[in-house]
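Written out below as structure tokens is the structure these notes cover.
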2 protein chains.
Amino acid sequence: MKKIDIFKKLRTSGLRPTKQRVEIAKFLFDRDKTFHFTVESLNKLLEKKTTSKFALATIYNTVHAFKDAGHLSEVEVRGKKTYFDTNVSNHHHFYDSETSELIDINANEVVIQKIPKAPNGKKIKNIEVFINLKN
Amino acid sequence: MKKIDIFKKLRTSGLRPTKQRVEIAKFLFDRDKTFHFTVESLNKLLEKKTTSKFALATIYNTVHAFKDAGHLSEVEVRGKKTYFDTNVSNHHHFYDSETSELIDINANEVVIQKIPKAPNGKKIKNIEVFINLKN
DNA sequence: TTTATAGTTTATAACGATTCTAAAGTGAAA
DNA sequence: TTTCACTTTAGAATCGTTATAAACTATAAA
């Protein structure tokens, strides 16, 4: 991902490119593979990888702005912390509760043959398949 | 469900049949259809339907004991509150985010044709299909 | 029955994740 | 450069949940 794309992510999220936001955006989006994180884990990683400091509120604000703009998705995980995903395409997840680790499953790796009709007056927005793992 | 079943639920959960617990168990299990709730919603309903008073801690403790004994299941829902379900069989859910309402889907109403292999060394514990609804 | 005791309820404190606040700081247009 | 709306920040507040400790109660032995 080019530097210009980082600024595009920020611009399309309605965010001015401040030092912190550029660092966060680079950290999140300048990578090849999907990245799953919580605000807490992101904060720790940012502290390690950069020289800047980040207030938790800044990370929350920025992550939510990216999410609202569709650059991050929130993953359905039971538990206290909210998990985010840089993969915003339609896809599914393995969840390893031993390690609290999420693993992406491409949409085409799951084929659903039969699904019930949505209740009266409602439509199906999306289908999430969640595969819990054990050892 | 007969009264004796209520006491069985309590006994098999390692709980003495106190006034509060009997009320909670009756409220949860003496019904024909699946019931979804959060601790907060359960508390409000108990206040309305019974003359007893319940400390929140009592409801938390009792609900968790039922869950640990397998009489309640916890549902995967994004958000702060924990949702419980009196349906403990293997099944799936619709979720209507407009009303925060969960609707059960019987396991046989969903047929999955293709699923990826579990990652190295891991096994699949269970598969949860979550269908988000919109209007 | 009474009594002893292990288990229970309760109000409140503590907790952890998240959100809010208000003051100090900063980017960008004029 | 100056101005001002937008940002960052530290810390307070909030929300759901869990822990605590004192008062209460079911149970079973005496």
Side-chain angles (χ1 to χ4, degrees), chain A residues 3 6-27 36-47 50-69 72-84 100 102, chain B residues 3 6-27 36-47 50-69 72-84 100 102:
Chain A
K3 201 173 187 185
I6 297 300
F7 284 92
K8 194 177 174 193
K9 296 272 189 203
L10 290 166
R11 207 173 339 102
T12 55
S13 306
L15 298 177
R16 286 187 185 173
T18 64
K19 192 174 110 229
Q20 287 85 348
R21 288 168 174 171
V22 170
E23 294 268 35
I24 293 172
K26 273 203 294 202
F27 188 81
H36 298 103
F37 63 97
T38 65
V39 167
E40 191 199 14
S41 73
L42 177 56
N43 187 34
K44 280 187 188 157
L45 290 167
L46 285 169
E47 274 181 10
T50 74
T51 53
S52 311
K53 288 194 66 184
F54 299 86
L56 265 184
T58 301
I59 300 178
Y60 275 102
N61 290 340
T62 307
V63 163
H64 282 144
F66 285 145
K67 187 198 147 194
D68 294 343
L72 288 175
S73 62
E74 197 179 321
V75 186
E76 206 76 47
V77 184
R78 191 158 34 210
K80 293 182 183 177
K81 291 182 196 171
T82 303
Y83 282 75
F84 295 94
S100 301
L102 282 167
Chain B
K3 203 173 185 184
I6 298 301
F7 285 90
K8 194 177 173 191
K9 296 273 192 207
L10 289 165
R11 209 176 336 106
T12 56
S13 305
L15 298 177
R16 286 186 186 175
T18 64
K19 191 174 112 227
Q20 287 86 348
R21 286 168 178 173
V22 170
E23 294 267 36
I24 294 172
K26 273 204 292 205
F27 188 82
H36 298 104
F37 63 95
T38 65
V39 167
E40 191 198 14
S41 72
L42 177 57
N43 187 35
K44 279 185 187 157
L45 290 168
L46 285 170
E47 273 181 10
T50 73
T51 53
S52 312
K53 288 194 66 184
F54 299 86
L56 264 185
T58 301
I59 300 178
Y60 274 104
N61 289 340
T62 306
V63 163
H64 281 143
F66 285 145
K67 187 200 149 194
D68 294 344
L72 290 175
S73 63
E74 198 180 321
V75 186
E76 205 75 47
V77 184
R78 191 160 32 210
K80 291 183 186 178
K81 291 181 195 170
T82 302
Y83 282 74
F84 295 93
S100 301
L102 281 169

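Predicted, not measured: the structure shown is a model, and the values here were computed from it.
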Look at the side chain of A:Arg21 and decide which nucleotide, out of C:dT18, D:dT8, C:dT8, has an atom nearest to it.
-> D:dT8

What's the closest nucleotide to the B:Leu56 side chain, out of D:dT17, D:dA10, C:dA17?
-> D:dT17

DNA chain D nearest-nucleotide lookup for B:Glu40 and A:Ala57: closer to the 5′ end is A:Ala57

Whole angstrom value for the distance that separates P of D:dT8 from CG of A:Leu15 = 8 Å

So what does B:Lys19 touch, heavy atoms closer than 4.0 Å: a base, only the sugar-phosphate, or nothing?
-> nothing

Residue pair A:Thr50 / A:Glu23: nearest heavy atoms and the distance that separates them | CG2-OE1, 3.6 Å

Value for CG (A:Leu42) from CD (A:Glu47), rounded to nearest 0.5 Å, stands at 10.5 Å

Between C:dG16 atom P and A:Lys44 atom NZ, what is the distance in whole Å?
-> 12 Å

Verify side-chain contact (heavy atoms from CB on, under 4.5 Å) between A:His64 and A:Phe84, making sure each step is shown before the conclusion.
-> CA-CA 10 Å; A:His64 282 144; A:Phe84 295 94; 4.0 Å; yes

Which residue lies toward the 5' end of DNA chain C, A:Lys80 or B:Thr62, if each is placed at its nearest nucleotide?
-> B:Thr62

Please give, in whole Å, the distance from D:dT17 P to B:Lys67 NZ?
-> 12 Å

Between CZ of A:Phe7 and C1' of C:dA28 the distance, given in whole Å, is 14 Å

From D:dT8, C:dA17, D:dT17, pick the nucleotide closest to the side chain of B:Lys81?
-> D:dT17

To the nearest Å, how far apart are A:Phe84 CZ and C:dA17 C1'?
-> 11 Å

Shortest side-chain distance from A:Pro17, nucleotide among C:dA28, D:dG11, C:dT8 = C:dA28

Quick one: is B:Thr82 getting a side-chain N or O under 4.0 Å of the D:dG16 phosphate, OP1 or OP2?
-> no

Send over the distance from A:Gln20 CD to C:dT26 P, rounded to a whole Å.
-> 9 Å

Side chain B:Asn61, main chain B:Ala57, donor-acceptor under 3.5 Å = yes

Euclidean distance, atom CD1 of residue A:Ile59 to atom P of C:dA17 [Å, nearest integer] | 14 Å

So what does A:Thr38 touch, heavy atoms closer than 4.0 Å: a base, only the sugar-phosphate, or nothing?
-> nothing

Short side-chain N/O contact to D:dT18 OP1/OP2 from B:His64, under 4.0 Å | yes

Using modelled atom types only, decide if a donor and an acceptor are shared between the side chain of B:Ser41 and the backbone of B:Phe37 within a distance under 3.5 Å.
-> no

A:Tyr60 has a side chain; which of D:dT9, C:dA11, C:dT18 sits nearest to it?
-> C:dT18

For the side chain of B:Thr12 and the backbone of B:Lys9, is there at least one donor-acceptor N/O pair under 3.5 Å apart?
-> yes

Consider the side chain of B:Arg16, meaning its heavy atoms from C-beta on, and name the nucleotide among D:dA26, C:dT10, D:dT9 that approaches it most closely.
-> D:dA26

Closest of D:dG16, C:dT9, D:dT8 to the B:Thr18 side chain is C:dT9

Integer-rounded Å distance: D:dG16 C1' and B:Tyr83 OH = 13 Å

